[in-house]
Colleague: 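Mind looking over this structure? Questions follow.
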Number of protein chains: 2
Amino acid sequence: MNLSIKQAADQLGLTPSTLRYYDKEGLLPILKKSKSGFRTFSENDLQWLNLICCLKNSGMSITEIKHFMNLCLQGESTCEERKEVLERHKSNILKQMETLQNCLCIVNYKIDHYKEIGIFHIDQ
Amino acid sequence: MNLSIKQAADQLGLTPSTLRYYDKEGLLPILKKSKSGFRTFSENDLQWLNLICCLKNSGMSITEIKHFMNLCLQGESTCEERKEVLERHKSNILKQMETLQNCLCIVNYKIDHYKEIGIFHIDQ
DNA sequence: ATACTTGTTAAAGTTAACTTTAAGTCAAGG
DNA sequence: CCTTGACTTAAAGTTAACTTTAACAAGTAT
């Protein structure tokens with residue numbers, strides 16, 4: 001049931017290069033290799049990579065993701081800190097959504113009215 | 001009523017360097033300079049910069065913003081194309097919001113349940 | 001056995017959006 | 001007049017997150 005790097009990349013919508021890069025950066029410490037040196041991706045690896053993608057797509061940096069992962073590796077004792085990291089990231093996401101909502105309003109207004117509120121005099 | 005580069009930067013939450021960079025990239029073609037060569041920011045400039053910030057904060061690249069600005073400079077004849085640019089950007093914003101909403105759900109779930117669904121075996 | 005595809009590493013290259021540096025100009029206060 | 005602080009330019013430097021390259025090894029199809 002283990003996938004090759006290409007298969008895993010396809011499932012995740014990433015490229016093999018990106019997966020190698022993540023591995024090199026230490027984001028995939030649980031990854032195993034076949035005896036000939038090929039990376040093999042288990043269901044567990046894919047789940048962890050899905051979480052990585054989620055965090056990355058919502059603006060968490062590789063460095064921060066790695067920090068979070070290190071906390072996970074340390075086990076029970078870091079539960080509180082992990083929760084705090086996620087809470088902070090949650091506020092971050094909410095802030096981004098607010099910013100986007102704001103921009104959306106402005107863009108919507110422009111779409112409906114840009115003839116009347118042109119920025120340049122030439123555009124008024 | 002015209003502002004210095006520092007004053008304008010403060011109003012916009014940017015740095016003077018960033019404004020110079022935008023100017024250099026051709027994003028501020030309407031900007032005037034005092035006879036001693038200092039940039040002066042009018043109300044109109046600030047409005048245009050606010051729109052730039054809006055587009056930038058919602059993920060439009062400097063290159064795309066410059067393209068949009070060039071359309072504005074060309075006047076009436078580009079109204080349709082400008083509207084299309086904004087419509088495409090609107091879909092882009094909506095897609096980003098959807099992505100964030102998705103990530104938010106996952107993060108919320110993790111916050112509430114991460115003890116039970118740990119990624120690493122050590123974390124279960 | 002041979003050719004093709006997929007994998008490996010280390011290291012260098014890319015891109016966007018700034019930021020910093022260096023060297024100089026301008027305006028105001030004492 | 002002199003210093004101080006804000007401004008100017010051009011050019012080089014920075015950072016994140018990849019991507020590409022080169023040189024090589026392994027697995028698969030004919």
Side-chain angles (χ1 to χ4, degrees), chain A residues 1-29 31-42 45-46 48-70 89 92 96 99 103, chain B residues 2-29 31-42 45-46 48-69 89 92 96 99 103:
Chain A
M1 285 301 296
N2 282 3
L3 303 182
S4 71
I5 196 167
K6 178 68 163 61
Q7 291 170 322
D10 285 348
Q11 278 224 11
L12 294 156
L14 302 172
T15 68
S17 293
T18 304
L19 288 178
R20 286 191 201 103
Y21 168 70
Y22 288 170
D23 191 16
K24 193 177 114 196
E25 291 299 303
L27 252 54
L28 311 173
L31 201 62
K32 296 275 183 295
K33 290 193 178 181
S34 75
K35 65 182 171 228
S36 49
F38 289 18
R39 290 173 184 83
T40 66
F41 293 77
S42 69
D45 293 325
L46 290 184
W48 172 235
L49 271 163
N50 263 316
L51 182 60
I52 287 179
C53 288
C54 161
L55 296 174
K56 190 203 60 174
N57 291 337
S58 48
M60 190 181 282
S61 72
I62 301 287
T63 308
E64 290 168 312
I65 294 173
K66 188 172 173 183
H67 174 237
F68 179 70
M69 184 219 65
N70 282 330
H89 187 59
N92 189 347
Q96 289 180 64
T99 299
C103 297
Chain B
N2 282 3
L3 302 183
S4 72
I5 196 167
K6 178 69 164 62
Q7 292 170 321
D10 284 349
Q11 278 223 12
L12 294 156
L14 301 172
T15 68
S17 293
T18 303
L19 288 179
R20 287 192 201 101
Y21 168 69
Y22 288 171
D23 191 14
K24 194 178 115 196
E25 293 297 304
L27 254 54
L28 312 172
L31 202 62
K32 296 275 183 295
K33 290 192 179 184
S34 76
K35 67 182 170 225
S36 49
F38 289 19
R39 291 174 184 82
T40 65
F41 293 78
S42 68
D45 294 325
L46 290 184
W48 173 234
L49 272 164
N50 263 315
L51 182 58
I52 287 179
C53 289
C54 161
L55 295 175
K56 189 202 60 174
N57 290 338
S58 48
M60 191 180 281
S61 71
I62 300 288
T63 307
E64 290 167 313
I65 294 173
K66 189 172 172 184
H67 174 236
F68 179 70
M69 185 219 65
H89 187 59
N92 189 348
Q96 289 180 64
T99 298
C103 297

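In what follows, chains carry the letters A, B, and so on, assigned in the order in which the sequence lines appear, proteins first and then strands, with residues in each chain numbered from 1.
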Colleague: Nearest-Å distance, CD1 (A:Ile52) to P (D:dA16)?
Modeller: 17 Å
Colleague: If you restrict it to nitrogen or oxygen atoms, what contacts under 3.5 Å exist between nucleotides 18-28 of chain C and the protein, and what is each distance?
Modeller:
from   : atom 1 : to      : atom 2 : distance (Å)
C:dC18 : OP2    : B:Tyr22 : OH     : 2.8
C:dT19 : OP2    : B:Thr15 : OG1    : 3.2
C:dT19 : OP2    : B:Thr18 : OG1    : 2.7
C:dA27 : OP1    : B:Ser36 : OG     : 3.2

Colleague: B:Arg39 side chain N/O closer than 4.0 Å to the phosphate oxygens (OP1, OP2) of D:dC7?
Modeller: no
Colleague: Rounded to the nearest Å, what distance is computed from the CD1 atom of residue A:Ile5 to the P atom of nucleotide D:dG27?
Modeller: 16 Å
Colleague: Side chain to side chain contact (heavy atoms under 4.5 Å, CB included) for B:Ser58 and B:His89? Distances and angles first, verdict last.
Modeller: CA-CA 9 Å; B:Ser58 48; B:His89 187 59; 2.8 Å; yes
Colleague: Would you please test A:Leu49 and A:Leu19 for side chain to side chain contact (heavy atoms under 4.5 Å, CB included) and show each step?
Modeller: CA-CA 9 Å; A:Leu49 271 163; A:Leu19 288 178; 3.8 Å; yes
Colleague: About how many Å separate CD of B:Gln7 and CG of B:Leu12, when rounded to the nearest 0.5 Å?
Modeller: 12.0 Å
Colleague: Tabulate protein N/O versus nucleotide N/O from nucleotides 13-15 of chain C, keeping only pairs under 3.5 Å, one per line.
Modeller:
none

Colleague: A:Asp23 has an atom CG; how far is it from atom P of C:dG7, in whole Å?
Modeller: 14 Å
Colleague: What is the separation between atom CG on A:Leu19 and atom C1' on C:dT8, rounded to the nearest whole Å?
Modeller: 14 Å
Colleague: Pick the nucleotide of DNA chain C nearest each of B:Ser61 and A:Gln7; which residue has the one closer to the 5' end?
Modeller: A:Gln7
Colleague: Calculate the interatomic distance between B:Lys6 atom NZ and D:dT8 atom C1'; express it in whole Å.
Modeller: 17 Å
Colleague: Within a strict 4.5 Å, meaning less than it, do heavy atoms of the B:Leu28 and B:Ile52 side chains meet?
Modeller: yes
Colleague: For the CG atom of B:Asn2 and the CG atom of B:Asp45, what is their distance to the nearest 0.5 Å?
Modeller: 7.5 Å
Colleague: Applying side-chain contact (heavy atoms from CB on, under 4.5 Å) between A:Tyr22 and each of A:Leu14, A:Ile65, A:Leu31, report the one that passes.
Modeller: A:Leu14
Colleague: May I have all residue pairs that pass salt bridge (charged side-chain N to carboxylate O under 4.0 Å, His left out) and include part of residues 49-70 of chain A, sequence neighbours excluded?
Modeller: none
Colleague: How far does OG1 of A:Thr63 sit from CG of A:Leu27, to the nearest 0.5 angstrom?
Modeller: 9.0 Å
Colleague: Which heavy-atom pair separates A:Arg39 from A:Asp23 by the least distance, and what is that distance?
Modeller: NE-OD2, 2.8 Å
Colleague: How many Å lie between NZ on B:Lys32 and P on D:dT8, as a whole number?
Modeller: 16 Å
Colleague: I want to check one thing: is the phosphate of D:dA6, taken as OP1 and OP2, less than 4.0 Å away from some side-chain N or O of B:Ser4?
Modeller: no
Colleague: Within this structure, what is the CE-to-P distance between B:Met60 and C:dA16, rounded to whole angstrom?
Modeller: 15 Å
Colleague: With respect to the phosphate group of C:dT9, does any side-chain polar atom (N or O) of A:Lys33 fall under 4.0 Å of OP1 or OP2?
Modeller: yes
Colleague: Send over the distance from A:Ile65 CD1 to D:dA16 C1', rounded to a whole Å.
Modeller: 12 Å
